[in-house]
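See structure below.
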Amino acid sequence: QVQLVESGGGLVQAGGSLSLSCAASGRTFSSYAMGWFRQAPGKEREFVARISRSGATIYYADSVKGRFTISRDNAKNTVYLQMNSLKPEDTAVYYCAGDSASYGSRSPGSYEHWGRGTQVTVSS
């Protein structure tokens with residue numbers, strides 16, 4: 001069982017940066033690929049980024065490629081999302097999630113464990 005807690009959200013102006021963290025409990029963090037997802041009001045939850053168990057393989061949604069960076073520190077049981085050049089359309093609740101499989105899935109349904117989310121608001 002893995003429990004996930006996100007932090008680092010807030011209000012930022014367009015063009016600014018935010019750094020999100022997701023701390024995991026338990027000793028099995030390195031057994032999970034980790035993903036970041038986001039959900040804006042009235043919209044479905046969408047994939048943002050994914051990092052493999054070792055950190056060697058990373059995927060990004062096209063909408064954030066070149067602006068966001070996902071990373072992890074298995075010694076600290078933490079996954080990060082550095083967000084630069086933020087846009088108003090990045091406004092959403094951001095969730096981290098854990099996937100015990102290694103298929104590189106971008107589907108929310110593939111992830112077994114979820115945090116409660118952190119709000120990111122980008123003003124224009």
[X] to [Y] - nearest heavy-atom pair and separation:
| X | Y | answer |
| --- | --- | --- |
| R50 | S105 | NH1-O, 3.2 Å |
| A101 | A33 | O-CB, 4.3 Å |
| L4 | A97 | CD1-CA, 3.8 Å |

Within the 4.5 Å heavy-atom criterion, are [X] and [Y] side-chain neighbours or not?
| X | Y | answer |
| --- | --- | --- |
| E6 | W36 | yes |
| V93 | V120 | no |
| Q13 | V122 | no |
| W114 | R45 | yes |
| S17 | Q82 | yes |
| E44 | F37 | no |
| T28 | V2 | yes |
| F68 | N84 | no |

Problem - T91 side-chain N/O to T121 backbone N/O, donor-acceptor pair under 3.5 Å - result: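 Here the side-chain-to-backbone pair does not exist.
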Exercise for the section: Without swapping roles, check the side chain of T57 against the backbone of S52 for a donor-acceptor pair under 3.5 Å. Expected result: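 Between the backbone of S52 and the side chain of T57 there is no qualifying donor-acceptor contact (under 3.5 Å).
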Practice task
Give the C-alpha distance, both sets of side-chain angles, the deciding distance and a yes or no for side chain to side chain donor-acceptor pair (under 3.5 Å) between R106 and Y111.
Solution key: CA-CA 9 Å; R106 305 183 184 203; Y111 291 73; over 6 Å; no
Handout entry: Cluster check L20, V48: I/L/V/M/F/W/Y, side chain < 4.5 angstrom
Key =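 L20 and V48: one cluster.
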Handout entry: Single-linkage hydrophobic cluster I58~M34, side-chain heavy atoms < 4.5 angstrom
Key =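 The answer is yes; both residues are in one hydrophobic cluster.
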Exercise for the section: Say whether D99 and S110, considering side chains only, have a donor N or O and an acceptor N or O under 3.5 Å apart. Expected result: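 D99 vs S110: no donor-acceptor pair found between side chains.
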Practice task
Check whether the side chains of Y94 and R38 place a donor and an acceptor atom closer than 3.5 Å, and report yes or no.
Solution key: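 Yes, a side-chain donor-acceptor pair sits under 3.5 Å.
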To the nearest 0.5 angstrom, please state how far the [atom1] atom of [X] sits from the [atom2] atom of [Y].
| X | Y | atom1 | atom2 | answer |
| --- | --- | --- | --- | --- |
| S25 | N77 | OG | CG | 8.0 Å |
| E46 | S63 | CD | OG | 5.5 Å |
| C96 | R116 | SG | CZ | 12.5 Å |
| D73 | S30 | CG | OG | 11.5 Å |
| Y80 | I51 | OH | CD1 | 11.0 Å |

Completion exercise
Sorted by chain and residue number, the salt bridge (charged side-chain N to carboxylate O under 4.0 Å, His left out) partners of R67 (sequence neighbours excluded) come out as D90
Handout entry: With E112 via salt bridge (charged side-chain N to carboxylate O under 4.0 Å, His left out) - residues at least two apart
Key = none
Practice task
Using the side-chain contact (heavy atoms from CB on, under 4.5 Å) rule, take Y60 and D62 through it: C-alpha gap first, then chi angles, then the decisive distance, then the call.
Solution key: CA-CA 6 Å; Y60 294 102; D62 288 344; over 6 Å; no
Problem - Over-ring placement of R72 relative to F29, 6.0 Å and 45° cut-offs - result: yes
Exercise for the section: Establish, yes or no, whether the cationic atom of R53 lies under 6.0 Å from the six-membered ring centre of Y32 and within 45° of the ring axis. Expected result: no
Practice task
Give the intermediate values and the outcome of side-chain contact (heavy atoms from CB on, under 4.5 Å) for residues I70 and V79.
Solution key: CA-CA 7 Å; I70 188 172; V79 61; 4.0 Å; yes
